[in-house]
Amino acid sequence: MYRTHNCGELSRKDIGKTVILSGWIQKIRDLGSLFFIDIRDYFGITQLIISKKSVKKNFVLGKEFLIKIKGKVVKRLSKNYNIPTGEIEILVSHIDLLNSSLSPPFTIENQTDGNEEMRMIYRYLDIRRNPIKNNLIIRHNLALETRNFLSKNGFLEIETPVLINDTPEGARSFVVPSRTHIDKFYALAQSPQLFKQLLMIGGIDKYFQIVKCFRDEDSRSDRQIEFTQIDCEMSFVEEVHDVLVFFERFIKHIFKKIKNIQLDPFPCISYSDAIKIYGTDSPDIRFGMPFIELNDLIQRTNINFLKTQELVIGIKIKKCHNLDDKMNCFFKKIENKNFFWIKYLYDQTLLSSNSNLFNDKILKIFVKFFEAIPGDLLFIFYGKKRKTREELGKIRVKVADILNLKNSKKFTPLWIKDLPILEWEEKYKKYKSVHHPFTSPKEEDIHLLEKNPKYVRSKSYDLIINGIEIGSGSIRIHNKNIQNLIFKHLGFSKKEIESRFGFFMKAFEYGVPPHGGIAFGLDRLINLLEGNKNIKNFIAFPKNNYGKDIMINAPSFLEKTKLKELHFR
């Protein structure tokens, strides 16, 4: 028997019991005739007292050595109320060494001295620390709640293939050479998109899967080359009253169960409004600061250099009563100098960065239009429409960071819908899918699909929480002619459609139901819930920022015999 109890469960009620514990040594304190050991396992820490006279041992102990002890639970004199076992300790009568350990390369405690690279090389040691272990527990709980909620609501969990054909889904695919099919390759699935649609064609009513996906793209703090999705699909559904309503319930359930947070109803705005109001399709709405368009106002003034601009917009920064060094430094770093600010002081004095161009009368016109009050700062940007909105959108977020306007305990979900179905790529002189090639156009825009596809809106929707895209989905195309037309706009020939999507298009001959779904980034969702800045902390064995597993040294070179086996020349 290795243990009668774990290292996190003994308390005052167990005083007097003889117990057996096993675990790793976290700390050793030698006091001469006796020494104290903190022993740790998955469940917690227990303090041991060992008398050198009464406990015989012929081995040396050190940090992370694995030991088994037998002893009596006694009352602890110097209590530690920070841990569940802090009122007791074990008076050890016998100790066995189960395994020795090298000195760990970093301290295995809540606060460690190990840098990220070192902790990734020795990830199995990092997992012993409570922050990483607890993150993995949270991940388990979220996956469990997901399975329970969806199963209770009629969803069937079904696995789909990982080794598939290469299909265009917005990113590069990882490819896998086939040994038995010379010069042919599999691709690792970027998502189960086509298979979940085939399940709907197969008569499955509701499907879900917590699934690994693979995309050969650059890693960053919120993205890995292999990641996990909560993937869902439903038959005979309409976007708002079926999909959005149900998955709002799902996200509310997750927040309540995992963090005991009650979310407010999710507002919903169109993609075009999101770009117009916030300059991005994934806006953070915690801190307000919507864009205010000024073109009409400018035409009523004599500010001639602004009258010629395609777009003049601004934001109001409330109670920014001090243009401190950080803000001044920030303004100086903005590369595009097509902007100016107006400061409304508490004594009602008006200051402007372009005081030589604007008199007090003009400044008052701006203040009135923005409905500013003393203490507010107005920031106005001008230029080409698209570029101006994009740049002001980034500035809006940076200003919120500088002024600490992002409340980490506040969550503001927002549905963005009606994204364009296609977007023109000037570099390649062709269209690309904004979501993916299987997204259905809105009925009222179908007449534009043949000749004006860039104006066609899709039945798509993204869930944004605090400026982070947590989920993305759409109603799918279930009409063969429309699907073929989308492929045509994407530049696929009939031969390419047949070779890459022949199996899928064949299924369209057998009665495709209206269907739609959504996929949530599980890693991102956990990261958001825990207020972290890097999803690596919630993945057991993550890759680094270069897509490399530095613990097992992957990717690596293959031996010549293996290359020959795969017919590589």
- Query: For the side chain of Arg524 and the backbone of Glu469, is there at least one donor-acceptor N/O pair under 3.5 Å apart?
  - Reply: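 Between the backbone of Glu469 and the side chain of Arg524 there is a qualifying donor-acceptor contact (under 3.5 Å).
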
- Task: Without swapping roles, check the side chain of Asp549 against the backbone of Ile552 for a donor-acceptor pair under 3.5 Å.
- Result: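 Answer holds: yes.
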
Is the distance between the ring centroids of [X] and [Y] under 6.0 Å?
| X | Y | result |
| --- | --- | --- |
| Phe520 | Phe247 | yes |
| Phe411 | Phe255 | yes |
| Phe149 | Phe246 | yes |
| Phe155 | Tyr207 | no |

- Query: Out of Val211, Leu142, Ile518, which one pairs with Ile230 under the side-chain contact (heavy atoms from CB on, under 4.5 Å) rule?
  - Reply: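 Answer after filtering Val211, Leu142, Ile518: Leu142.
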
- With Ile67, the side-chain contact (heavy atoms from CB on, under 4.5 Å) member among Leu98, Leu61, Asn99, Asp96: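 Filter result, single survivor: Leu61.
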
Evaluate the side-chain proximity of [Y] to [X]: yes if any heavy-atom separation is below 4.5 Å, no if none is.
| X | Y | answer |
| --- | --- | --- |
| Tyr124 | Met551 | yes |
| Leu188 | Leu163 | yes |
| Phe227 | Leu522 | no |
| Arg119 | Glu116 | yes |

Residues [X], [Y]: salt bridge by 4.0 Å N-O rule:
| X | Y | value |
| --- | --- | --- |
| Arg147 | Glu157 | yes |
| Lys562 | Glu565 | yes |
| Lys52 | Asp30 | yes |
| Arg3 | Asp41 | yes |
| Lys398 | Asp401 | no |
| Glu226 | Lys543 | yes |

Should we count [atom1] of [X] as having more than 12 external heavy atoms under 6.0 Å?
| X | atom1 | result |
| --- | --- | --- |
| Lys394 | NZ | no |
| Tyr186 | OH | no |
| Arg29 | CZ | yes |
| Lys70 | NZ | no |
| Lys13 | NZ | yes |
| Leu102 | CG | no |
| Lys72 | NZ | no |
| Phe557 | CZ | no |

Looking only at heavy atoms, what is the nearest atom pair of [X] and [Y], with distance?
| X | Y | value |
| --- | --- | --- |
| Leu566 | Pro177 | CD1-CG, 3.9 Å |
| Arg76 | Gln47 | NH2-OE1, 3.1 Å |
| Ile37 | Phe35 | CD1-CE1, 3.6 Å |
| Thr107 | Asp113 | N-OD1, 2.9 Å |
| Ile334 | Phe381 | CG2-CE1, 4.4 Å |
| Ile90 | Ile88 | CD1-CD1, 4.3 Å |

Could you check whether [Y] and [X], counting side-chain N and O atoms only, form a donor-acceptor pair closer than 3.5 Å?
| X | Y | answer |
| --- | --- | --- |
| Lys536 | Asn545 | yes |
| Ser11 | Glu87 | no |
| Asn260 | Lys256 | yes |
| Asp462 | Ser282 | no |
| Ser191 | Arg215 | no |
| Lys548 | Asn553 | yes |

- Query: Parallel, tilted or perpendicular: which fits the ring planes of Tyr461 and Trp415, with parallel below 30° and perpendicular above 60°?
  - Reply: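 Answer is perpendicular, since the angle exceeds 60°.
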
Could you give the distance from [atom1] ([X]) to [atom2] ([Y]), rounded to the nearest 0.5 Å?
| X | Y | atom1 | atom2 | answer |
| --- | --- | --- | --- | --- |
| Asp126 | Ile108 | CG | CD1 | 8.5 Å |
| Ile254 | Glu145 | CD1 | CD | 6.0 Å |
| Asn135 | Phe538 | CG | CZ | 4.0 Å |
| Ile468 | Leu463 | CD1 | CG | 11.0 Å |
| Ile317 | Leu405 | CD1 | CG | 8.5 Å |
| Ser408 | Asn466 | OG | CG | 9.0 Å |

- Looking at Tyr42, is Lys133 sitting on its ring face, NZ or CZ under 6.0 Å from the six-membered ring centre and within 45 degrees of the normal?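 Judged by the rule (NZ or CZ under 6.0 Å from the ring centre, within 45° of its axis), Lys133 counts as positioned above Tyr42.
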
